[in-house]
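Down below is the structure, laid out as structure tokens.
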Amino acid sequence: MTGMDSLFLIFAVITLISAFLVVTTKNLFHAALWLIMTLFGVAAIYVLLNAFYLAVIQVIVYIGAIAILMIFAIMLTQRVMNPSGRIFNKNWIIAALLGAFMFIGLVIISMQTGASKTTLPQISGQLDTVSELGQALVSPNAYVIPFEVASVLLLAALIGAIFVSRKR
Amino acid sequence: MDNNWLYIGLFFLVAPLIPALAILAPLFLAPKKPNKIKSQIYECGIETYGETWIQFKVQYYIFALIFLVFDIETVFLYPWAVAYNSLPLFAVFEGVLFIIILLAGLVYVWRKGDLEWV
Amino acid sequence: MSDPINLIANWLQGLLLGLGLSVGLTKIILSFVGAVVVATIGMLTVIFLIWLERKIAGRIQDRLGPNRAGPYGLLQPFADVIKILTKEYTTPDGADVVVYNIAPIMAVASVLLIWAVIPFASTVVGTNLNVGVLYIMAVGAFGLLSILMAGLSSNNKFALLGAFRSVAQLISYEIPMVVSLLMPVIFARSMGLVDIVEAQMPWFIILSPLAALIFIIASMAEVNRAPFDLMEAESEIVAGFHIEYSGMKFGMFYVGEFLHVFTVGALVATLFLGGWRGPWAEQYPILGLIYFYIKTFVGYFIVAWVRLTVPRIRIDQMLDFNWKFLTPLSLVLLIITAVLDRVLVLVNSERWVYSLVMFLANILIIWATVEVLKKTTSKPKRKEFPMRPVAMAPETSTSTEPSS
């Protein structure tokens, strides 16, 4: 096992364990912190895949904005200082069995169609990915329409969210 | 993955170690005499009144929302700025259009009075 | 002797290779040693900075500053450190112990991580990331999280309030900072800090003084430094989010703030003042290091100077200033800079024409902004009262005055 594989294993284990802890922690604020750890693990996996720009964007947008927004929303809706509520209800056995069946099904499908055997496309280290992304974002053959539509989408999201959360 | 990010990874391991060492040092040097009065929560010298919970204003959430939208806007703007030299001329107008649409959003929020703190 | 740091690094590498280790492992060990050295030098610089700040504060306030402990008070920070090391940790009741202890560590770690990408000299740099500028923003997000963790885990109303307001201030001022950092990226065509320093033929502060100004103001707000230090002022909210921390844990927040201000000075020096550039800096890297430190101290002095001169502003004034003034201004500056850059490149102008036109455009924007501000914030007209003599008997037409 090479160094990159062992690093990937470490980060994947961290991400999965943090994701599991997000849904099973009683204290909501701790759940938000485990979510931040999960997002950080995903950013580390992006680095291993040579997507450096995506990794820093993941930290800036997800951890620096969306996780903060979630923590504010948690504080807005309930008293976080007293953990309350039950984690499991009485149907958890059926839910666990369904989840296990779906997982086994997905694993069998991916092994049969060879999806788990594709190798990563080899990108040379000389390629400046950010510059390529910038050119792709504004060239008419590539992504300029989604680029402009994204700005309209962001405008709509801004106006809509402000409208919904305005004081009556 | 280059040598660069390996250095960053090592730095992520080293950087918390040094303050952790600095915080662990007083465990050997400082007195440890906790008593009930010292561990009480500070509230300007009186006993704590009521639960630890403050009236959370909606305004915090609105500011975080506006920040999120502008943060994502800068995510789109950075590749445009890095590749600026090799872009054709109309790419400038595309970028400027992008910024102007979001400036219009900011003006809307400003005029509707959602940027006030009180 | 002109490049001592690389000399030492090569000697160490030779030593480790001589011990029989593989090349990859040698690189890892050298990176590790480099990381430890940079982090330790960062922490030790703070000790000098505490003394410097108190001396500057004393002189600006027309007094002497510390001068008892050692010659010129140079041993004062050592006295402070020894005092803080022997203070007891009082953990409040009902605090979240793990989160409470991690917060100060993360606050300092997030600032130390910025030093990994700053170029000190032409051959000495931690690492040359091609996303260096955004990496700095990313580790700023960890600092933000540490404030939230400190406030929310202290089980104290003032800490909660201080933490939320502090986070609201920090996220608001991140937008002008990120947008004003786009100007050096446009000029240098790259996000890597090494490329930005190497592209500074005229320093970027000449090409875009307004971007430097916006960056300095936004950074002062990001480090909770006066005039934006509402969250930490003792008379306002009794120390805000770090109210329940004592001893070295509070010391870590304090150190983190000083180190952050120093790092802001280093960033201003790298991005706008030319980094290690100077006469003969390419041949003698040690000179580059000296220039870099001089420029960093200039940046630090500007921030300390503003802190000791200007009064504190309120939180609604602070947020209005950001969302209604700095953000639109920085976006308009970005549009004008982008359009002008493309126009000038099309006309194929030389470097000095480019610099002059950019500089004049910035001055024009500043002038236009001041004019707009003058029109929109009108002072209320002073009411003119008619002149009246001060002491006069009340006028009664037919009065029967008592004869006196």
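The chains referred to below are lettered A, B, ... by the order of the sequence lines, with proteins before strands, and numbering in each begins at 1. As the structure is a computational prediction, the values presented were derived from the model and not from experiment.
Using a distance-only test at 3.5 Å, with no hydrogens or angles considered, a donor-acceptor pair links the side chain of C:Tyr89 to the main chain of B:Ile23.
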Determine, step by step, whether B:Thr74 and C:Leu182 satisfy the side chain to side chain contact (heavy atoms under 4.5 Å, CB included) criterion, reporting the C-alpha distance in whole Å, the side-chain angles of both residues, the deciding distance to 0.1 Å, and the verdict.
CA-CA 9 Å; B:Thr74 63; C:Leu182 268 174; 5.6 Å; no

Start with the C-alpha gap between C:Val38 and B:Phe11, add the side-chain angles, then the distance that decides, and say whether side chain to side chain contact (heavy atoms under 4.5 Å, CB included) holds.
CA-CA 9 Å; C:Val38 168; B:Phe11 221 96; 3.9 Å; yes

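By number of non-hydrogen pairs under 4.5 angstrom with chain B, the leading residue of C:Met191, C:Lys87, C:Met106, C:Met137 is C:Met191. The residue among C:Leu85, C:Ile28, C:Val108, C:Ile84 with the most heavy atom pairs within less than 4.5 Å of chain B is C:Leu85. Taking chain B as the reference chain and counting heavy-atom pairs below 4.5 Å, the highest number among C:Glu174, C:Lys324, C:Met252 is found for C:Lys324. For the set B:Val14, B:Ile18, B:Asn85, B:Leu102, the entry with the most heavy-atom pairs within less than 4.5 Å of chain C is B:Asn85. Counting heavy-atom pairs closer than 4.5 Å to chain B, the top-ranked of the candidates C:Gly34, C:Ala168, C:Ala116, C:Gly247 is C:Ala116. For the options C:Asp320, C:Ile186, C:Thr327, C:Leu134, heavy-atom pairs under 4.5 Å to chain B are most numerous at C:Leu134.
At a 4.5 Å heavy-atom cutoff, the contact between C:Ile315 and chain B is made by side-chain atoms alone. Using a 4.5 Å cut-off between heavy atoms, C:Leu319 contacts chain B through its side chain alone, with no backbone atom that close. Proximity to chain B is limited to the backbone of C:Thr91, based on heavy atoms less than 4.5 angstrom apart. Of the atoms belonging to C:Val255, not a single heavy atom falls under 4.5 Å from chain B. Within the 4.5 angstrom heavy-atom criterion, only side-chain atoms of C:Val133, from C-beta onward, approach chain B. Residue contact with chain C, scored on non-hydrogen atoms closer than 4.5 Å, is absent for B:Leu17. Residue B:Pro88 touches chain C through its backbone alone, counting heavy-atom pairs closer than 4.5 Å. Of the two parts of C:Phe187, neither the backbone nor the side chain holds a non-hydrogen atom closer than 4.5 Å to a non-hydrogen atom of chain B.
Residues B:Phe70 and C:Leu331 have side chains in contact (heavy-atom distance under 4.5 Å, counting atoms from C-beta outward). Looking only at side-chain heavy atoms (C-beta outward), B:Tyr60 and C:Arg165 come within less than 4.5 Å of each other. Between B:Leu77 and C:Leu334 the shortest side-chain heavy-atom distance falls below 4.5 Å. A heavy-atom distance below 4.5 Å is not found between the side chains of B:Phe67 and C:Tyr173. Within the 4.5 Å cutoff, the side chain of C:Leu181 has heavy atoms near those of the B:Tyr78 side chain.
In this structure, C:Tyr135 and B:Trp5 have perpendicular ring planes: the angle between them is above 60°, well past the 30° mark.
The cationic atom of C:Arg342 (NZ for Lys, CZ for Arg) lies less than 6.0 Å from the six-membered ring centre of B:Tyr84 and within 45° of the ring axis.
In this structure C:Ser208 satisfies the side chain to side chain donor-acceptor pair (under 3.5 Å) test with no other residue, sequence neighbours excluded.
Scanning residues 89-96 of chain B against chain C with a 4.5 Å non-hydrogen threshold yields B:Leu89, B:Val92, B:Val96, sorted by number. Interface residues of residues 39-46 of chain C toward chain B, defined by a heavy-atom distance below 4.5 Å and sorted by number: C:Ala39, C:Thr40, C:Met43.
Here the closest non-hydrogen pair linking B:Asp71 and C:Ile175 is N-CD1, 3.8 Å. Counting all heavy atoms, side chain and backbone alike, C:Ile105 lies closest to B:Pro19 at O-CG, 4.0 Å. Nearest approach of C:Ala338 to B:Trp80, heavy atoms of both residues: CB-CH2, 3.8 Å. Across every non-hydrogen atom of C:Met248 and B:Pro26, the tightest pair is CB-CG, 3.7 Å.
The stretch residues 24-43 of chain C participates, sequence neighbours left out, in no ring-ring contact (aromatic ring centres under 6.0 Å, His included) pair at all.
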